[in-house]
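In this chain, numbering begins with 1 at the start of the sequence shown.
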Amino acid sequence: MVALLINAQSNTNYLNNRPPLVTKPYMELPLGSVKAKGWLLEMLKRQKTGATGHMDTLYPLVMGERNGWLGGDGDQWERGPYWIDGLLPLAYILDDKELKNKVQPWVEWALKSQQPNGFFGPAKDYPGEEGIQRDNSADWWPRMVVLKILQQYYSATGDKRVVDFMTKYFKYQLETLPNQPLGKWTFWAEYRECDNLQAVYWLYNITGDTFLLDLGNLLHKQGHDFTHMFLETNHMACQGSIHCVNLAQGLKEPIIYYQQSGDKKYKEALTKGFADIKKFNGQAQGMYGGDEPLHGNNPTQGVELCAIVEMMYSLEKMIEITGDLSMVDHIEKIAFNALPTQVTDDFMHKQYFQQANQVMLTRHRRNFYEDDSHAGTDLLYGTLTGYPCCFSNMHQGWPKFTQNLWYATPDGGLAALIFSPSEVTAKVANNIDVCITENTYYPMDNKIRFTIDILDKKVRSVNFPFHIRIPGWTKGASITINGVSYKTADGGKIEIINRDWKKGDYVELEMPMEVKVEEGWHENSVSIERGPLVYALKIGEDWQKKEVSDAEQNRYGESYWEVRPTTKWNYGLHRLDFKKANELIRTNIDNEKIKSDYPWNLSNAPIELKVNAKIIPTWGLYNEMAGPIPHSWSGAGEGEPEEITLIPYGCTTLRISQFPLVY
């Protein structure tokens, strides 16, 4: 047997953008190439045994056989496709036959529904019926979700029917949109046009059909002009100027279209947009106040769950186009802080809104835009509480996060960009299959070990570049190869290790995590961070299950959970010297809990920060939520300072994460 030595070359293993589209620095891998391990695998398993795997029985009114996307006379709009957009990647990442069998009828019906002119999907409106959406069946918007489903299905299976189907549909769009524009039925399609646009470019990279570029220009022209909004208006400073989910989905539009135009103004628009969103609406967990319209930066304004998972998807798509590492830091902040807390541990119940400062979850009117529409249910943990879109759409968050942990690179290598326990099987160099295992307890721990395996037994070694992100929050990260020191690197960059790799080679990355203070939140409040995690006050929880009356069950489900505090919450941080935060705030790590398969709750939280604080007696409840936060610095703190405990935000249900400062 002759041992082969393989050298790296330009990556022809995976599709990059065809000219004239701008070349991407990272390419998405086929669905199923990345497998979850550790706590992330446990999260996906809980999705399977929880709501994601059982929406057809938990929510049969919408997800059952009557759904219009199965040919029925029931719900004709977005909720069914939303579910499959998360169920499909979960099924193929877990390689789960049962889940695949749930997905397949939806895929088959969509493909078979295509008419000779290219149109597909439900085509008939029905009279109104409580709890389901039976009109606007011809709307462009829900078809955009189905396009995402079919992209993922093709990525996992290679089913060529998808290419023919999309080609016909996009020809139909090019012919029809001039007379029946995106906004003909609802405004949602105008704001979410980029989901359609990214599918057009995806197909262009497969077929090279130039009419798709004409369609790209047409879609961009008819969609909401986010570039103008970010660069030329003050909409991000104006409450109520845009729906929070439209913002989360649409903010990627300038970057998606940048691929075709190449004009740097589209990248500049997003940079300014992100800065303004944070300045005027930002919250500590990486999201923004929007309940549902944009609603400022008060830490008691709501953050919608749909906005979280859609923001994550937008960041995933933009990362591969821009290579902007600040976006990778951003998606980790959202995924490790905002996402775990908004769904119960069994993945059965969700909050419609969460709050950065969240001290009581009861059925009560609060200061949300949607107070009058949802009967005070927005903060409760339930199925249909708030509004049912999130119960349908929450499923995509973790599977797509898993799928985008790793990317292929144009130089024939692989990139570990987003960190979590995982394993990737992919082609490098000249079509050589390798497997890299990422062993880590990140984000709870600061150490990662990557182990390389070459799957072809005839190949002794393979030369390819291994790209490793160094997060922007760290300094002096150490890299070792096979136990030998390789390099020390500061954050905010990619380290590329280009060498001959052999089976069993391993790379270890250790990233110092210092406690830092993030300033400039609402009323000059501050948040505490360590690595990718935001820390929040540990508050005792009293969970109470409540039954829903028969008259309301179609709207809010059969039951919901309220949560009340059992410990004090109205603290201000005492005389905190920002520059010495890492010295003054004590870090306690439980080395056993850090290994937990599920660290995301109060009892399993493996890290505690200890910091001095004072009670603020005048800071009390208002509308059963934390009242107006005292301005920092304040003399409102009373009594002697006491040591309080902070835990990772994602492990909390009740919390204060944006603190006032007191003398």
Cut-off 3.5 Å, side chains only: do [X] and [Y] have a donor facing an acceptor?
| X | Y | result |
| --- | --- | --- |
| His631 | Glu523 | yes |
| Thr52 | His395 | yes |
| Tyr556 | Glu552 | no |
| Asn17 | Gln259 | yes |
| Arg365 | Asn623 | no |
| Gln354 | Gln342 | yes |
| Arg655 | Thr341 | yes |
| Gln198 | Gln151 | yes |

Original post:
So do Asp345 and Arg46 actually touch side chain to side chain, heavy atoms under 4.5 Å?
Top reply: yes
Original post:
In terms of ring plane angle, is the pair Phe391 and Tyr59 parallel, tilted or perpendicular, where the classes change at 30° and 60°?
Top reply: tilted
I'd like to know whether the aromatic ring centres of [X] and [Y] sit less than 6.0 Å apart in this structure.
| X | Y | result |
| --- | --- | --- |
| Phe226 | His228 | no |
| Phe120 | Tyr169 | yes |
| Tyr369 | His295 | yes |
| Tyr154 | Trp202 | yes |
| Phe274 | His330 | yes |
| Phe353 | Phe368 | yes |
| Tyr352 | His374 | yes |
| Tyr257 | Tyr266 | yes |

